[in-house]
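Contents: one structure, followed by commentary.
Letters A, B, ... mirror the listed sequences (proteins, then strands); counts begin at 1.
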Number of protein chains: 2
Amino acid sequence: MSDTITVEKAAQSLQEMGYRLTPQRLMILEAVLSSEDHVTAEELYEHVKSRYPHISFSTVYRTMEVLRDAGFVTQTDLGGGRVQYHPVDKAKHHHLICQSCGHVEEVSDEIFAGLRKDLHQKYGFDALLTHFAIFGRCRVCRERESRQPHR
Amino acid sequence: MSDTITVEKAAQSLQEMGYRLTPQRLMILEAVLSSEDHVTAEELYEHVKSRYPHISFSTVYRTMEVLRDAGFVTQTDLGGGRVQYHPVDKAKHHHLICQSCGHVEEVSDEIFAGLRKDLHQKYGFDALLTHFAIFGRCRVCRERESRQPHR
DNA sequence: ATCGCTGCAAACCCTTTGCAGCGCA
DNA sequence: TGCGCTGCAAAGGGTTTGCAGCGAT
């Protein structure tokens, strides 16, 4: 019931769930858990490749699928066709995504406390372990676009 | 300054902005504005194709780019690699996206009033015309997954 | 010795882009 | 008439899948 996931604990759980513990899996597991926040498949691939050059993207994707199903990571698609993976115990902030320039700004978690409670009570939706992804227009783009007409 | 966008008004604005009014553009414009909420490129393509079989996806994508830049639609990537387009005057609700089953539930807009105000004041971020996309776990999946171990 | 897992390559899906011709202004 | 726009086809980029062989249990 601890809130800190270690490679050892996760590995044991995986084994108990019937998954095999392969070197690749352990390396990918270590890579994602050591992430401060979120990682992409490519980052995991590069990270593992430095120690194990034979690794393939298929294994990264399939392993992340396992880790997600096992409950150790969540995956979030913020758009742009690049999925991000998060250790479930490290979801401490969220994202403001500008639709104009693609800029992603981080927002602290506290601002969502009230909303999260409402969502849970009214919709039964548990947003606790994930990122909020809020689309809109950032300050810079709003100012720029109000000055530049087409042509 | 009206909050209702019609094909006629939009067409005139586009022309004033220096864009050409082609039949394809007008058909796509009509298709997206007639949408109750959001449409995908494919839905627009199929809609227009029924009247103008020669239409191409390139034209749909490029037209939506124009309409976005002109301020008549917003585009949101909720993940899954499929962009959704919205008439700016019809963004009346938002989405709860379940990371496990992909189910998308709608949430009314009012629940976000306080949050939106905070985001604007503290981050200068304008989320007024867009969708919120909130990732998490829906009630059904939370209940199901607490009963089914792997294997 | 199983059979789950891996690596490779190819397939997929949506979106973007190059290019030659068309047609709006 | 000029050049912005279109359609076609091909390319792109991230992710998924089929398959044969490998290796954790």
Taking atom [atom2] of [N] as reference, at what distance in whole Å does atom [atom1] of [X] sit?
{"X": "A/Tyr61", "N": "C/dA11", "atom1": "OH", "atom2": "C1'", "answer": "15 Å"}
{"X": "A/Tyr45", "N": "D/dG13", "atom1": "OH", "atom2": "P", "answer": "16 Å"}
{"X": "B/Leu21", "N": "C/dC24", "atom1": "CG", "atom2": "C1'", "answer": "9 Å"}
{"X": "A/Arg82", "N": "C/dT15", "atom1": "CZ", "atom2": "C1'", "answer": "14 Å"}
{"X": "B/Phe57", "N": "D/dC8", "atom1": "CZ", "atom2": "C1'", "answer": "14 Å"}
{"X": "A/Leu26", "N": "D/dG23", "atom1": "CG", "atom2": "C1'", "answer": "14 Å"}
{"X": "A/Leu44", "N": "D/dT15", "atom1": "CG", "atom2": "P", "answer": "11 Å"}
{"X": "B/Gln12", "N": "C/dA25", "atom1": "CD", "atom2": "P", "answer": "13 Å"}

Look at all strands and tell whether [X] reaches a base, only sugar-phosphate, or nothing, counting heavy atoms closer than 4.0 Å.
{"X": "A/Pro53", "answer": "nothing"}
{"X": "B/Tyr52", "answer": "sugar-phosphate"}
{"X": "A/Gln15", "answer": "sugar-phosphate"}

Donor-acceptor pair present, [X] side chain and [N] base, under 3.5 Å:
{"X": "A/Thr59", "N": "C/dC5", "result": "no"}
{"X": "B/Arg62", "N": "D/dG4", "result": "no"}
{"X": "B/Arg20", "N": "D/dG4", "result": "yes"}
{"X": "A/Ser58", "N": "C/dC8", "result": "yes"}

For a quick test of reading the model, state the closest non-hydrogen atom pair linking A/Ala31 to A/Val48 and the distance between them.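 Closest approach of A/Ala31 to A/Val48, heavy atoms only: CB-CG2, 4.5 Å.
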Might you point out which heavy atoms bring B/Thr40 and B/Tyr85 nearest each other, and give the distance in Å?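 That would be C-CD1, 4.4 Å.
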Is any side-chain heavy atom of [X] less than 4.5 Å from a side-chain heavy atom of [Y]?
{"X": "A/Arg82", "Y": "A/Glu42", "result": "yes"}
{"X": "A/Ser13", "Y": "A/Phe72", "result": "yes"}
{"X": "B/Met27", "Y": "B/Arg51", "result": "yes"}

Output yes when at least one side-chain N/O atom of [X] is less than 4.0 Å from OP1 or OP2 of [N], else no.
{"X": "B/Gln24", "N": "D/dC5", "result": "no"}
{"X": "B/Thr22", "N": "D/dT6", "result": "yes"}
{"X": "B/Arg25", "N": "D/dC5", "result": "yes"}

Which residue, A/Thr63 or B/Ala41, contacts DNA chain C at a nucleotide closer to its 5' end, judged by nearest heavy atom?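 Nearest-nucleotide comparison on DNA chain C picks A/Thr63.
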